[in-house]
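Labels below follow one simple rule: chain letters A, B, ... track the order of the sequence lines, proteins then strands, and each chain is numbered from 1.
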Amino acid sequence: MTTAIWWIRRDLRLSDNQSLHSALSQADTVIPVYILDPHLLERNASRRHQFLFRNLQILSERLEKMGCPLVLRQGKPIVELSRLKEECGASIITAEADFSSYARQRDQEVKSELNLELVNGLLIYPPGAAVKADGTPYTVFTPFYNTWLALPLPNDPLPIPDHLPAYPPLSSEALPPSNEIDGFPAGEEQAQRRLDDFLQFSVGDYHNQRDRVDLDGTSLLSPYLRFGLLSPRSAYAQMRPFLDNPQTHDGASKWLNELVWREFYFNIMAAFPFVLHGAFREAMRDIPWRSSPQDLHAWQSGHTGYPLVDAGMRQLAQTGWMHNRARMITASFLTKDLLINWQEGEAWFMQQLLDGDPASNNGGWQWTAGTGTDAAPYFRVFNPVTQSRKFDPQGEYIRTWLPELAAVPDAFIHEPWKMPSELQVKAGVQIGRDYPAPIVDHGFARQRALAAYKK
DNA sequence: TGAACATTGTT
DNA sequence: ACAATGTTC
């Protein structure tokens, strides 16, 4: 008679759960446990906490129905796990491996005292699977991608276990109350539904619609991948027929490319943990950033005077999600136009994003700032107006998130400060009063950024 | 997974 | 004029 603890962290699902599967294959009794870790909960990320609690609620209900309720504990993981082990006599703990410095330190500590088995699942292939011939990690995406694609296909996803053994009663904390997040219904069934919708309706056009901020061309899966409501292996397996179908190949392939960016940045974080604290490239550690709380606040609150930038920032603040193209444009604006340290943006995004993940978020910011691996050349400065015309041609995205500009004619929607005053009256918006004039001139700012980066 | 600006070639 | 192309940051 053996007992295993299934320590749930970022794998809030029953389907394709390698940690759960390993626990079941080694023990007669499996105790599902989630530990509310004060170190993680103290972080200012209430939207992700809401989503986490809501998902725990749903998982807990499913486990309850299967006669194997979730045990919820609160405290330092090593302490809580040791206590739980004494209570239930478990001989093994299984968990899905995670790769941030905190996660690795936490797990190392647990491993040194308890029998912890870490399994793959957060990624399709564990960090280190796709490396250069000499065994060192890739620091450029494209060769990483090519090697990644050439790896043997992963095993098929695991089914949901049809039966979980019951266990004697254990105490459990009450779940904090939580609400549904608008636009991202919780639970692994909703994650699967979201993927089904994407495969049925959008994947074939993904490659040519994904950059359009005014269309629903993206998969919207990021929050689900973030919390392991969908395993990337399962998503990849379900994508494969669409890769093989010539009608949908281009879109599916572009989507896979994005999924591999996620794998890439996890590899980078695992191999170079210092990226979470500063620039990957040494040469980029001395950029003379500006300090301007006022400009930072204008950016955070969506009041820079550049409509697309502001629309993105307000979408983020209001919903916890932002279109990927808008993420690049707003990030470029902070780092290049305002010349504010990308780490300020990284922190703000981590605070706001429902899908906020240290590896992907850090990778994205360093890419935009030109400080990272595979860096965009520092002289690549997005023009917020050009990008706006290109990716929101009718200004629909802008009008959605900036209602004060709703009546601005198409000809001025991307640069409303050029609107003659009689048109401002007609559109019911006075620039400088109802909507800000640009807080910085892009042409000037571009030159300033080029000079600052060149030093 | 840029864009500004100069140059060239076409009306 | 203005689009296509090349060069530069």
- Tell me, what's DNA chain B's dot-bracket, Watson-Crick or G-U with both distances under 3.5 Å, | for other-strand, [ ] crossing? .|||||||||.
- Query: In chain order, what residues pass the ring pair (Phe, Tyr, Trp, His ring centres under 6.0 Å) check against A:Phe333, with sequence neighbours excluded?
  - Reply: A:Tyr306
- Query: Under the ring pair (Phe, Tyr, Trp, His ring centres under 6.0 Å) test, which residues partner A:Phe379, sequence neighbours left out?
  - Reply: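 A:Phe379 satisfies ring pair (Phe, Tyr, Trp, His ring centres under 6.0 Å) with no other residue.
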Can you give the donor-acceptor pairs under 3.5 Å from side chains of residues 250-258 of chain A to other protein atoms, not counting sequence neighbours?
residue  : atom : partner  : partner atom : Å
A:Trp255 : NE1  : A:Ser219 : OG           : 3.4
A:Asn257 : OD1  : A:Trp261 : NE1          : 3.2
A:Glu258 : OE2  : A:Arg210 : NH2          : 3.0

- Task: Under the side-chain contact (heavy atoms from CB on, under 4.5 Å) rule, collect the residues that match up with A:Leu70, sequence neighbours excluded.
- Result: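 A:Leu70 satisfies side-chain contact (heavy atoms from CB on, under 4.5 Å) with A:Ile8, A:Pro32, A:Tyr34, A:Leu56, A:Ser60, A:Leu63 once adjacent residues are dropped.
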Distance flag, aromatic centroids of [Y] and [X], threshold under 6.0 Å:
X        : Y        : value
A:Trp148 : A:Tyr236 : yes
A:Phe51  : A:Phe227 : yes
A:His39  : A:Tyr102 : yes

- Task: Using atom OH of A:Tyr265 as one end and atom C1' of B:dT1 as the other, report the distance to the nearest whole Å.
- Result: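 To the nearest whole Å, that distance equals 10 Å.
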- Residue pair A:Tyr397 / A:Ser388, side-chain heavy-atom distance below 4.5 Å: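 A side-chain contact is absent here, since even the closest heavy-atom pair is not under 4.5 Å.
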- Nucleotide by nucleotide, 5' to 3', does protein get under 4.0 Å of the base (B), only the sugar-phosphate (S), or neither (-) in nucleotides 2-7 of chain B, counting heavy atoms? BSS---
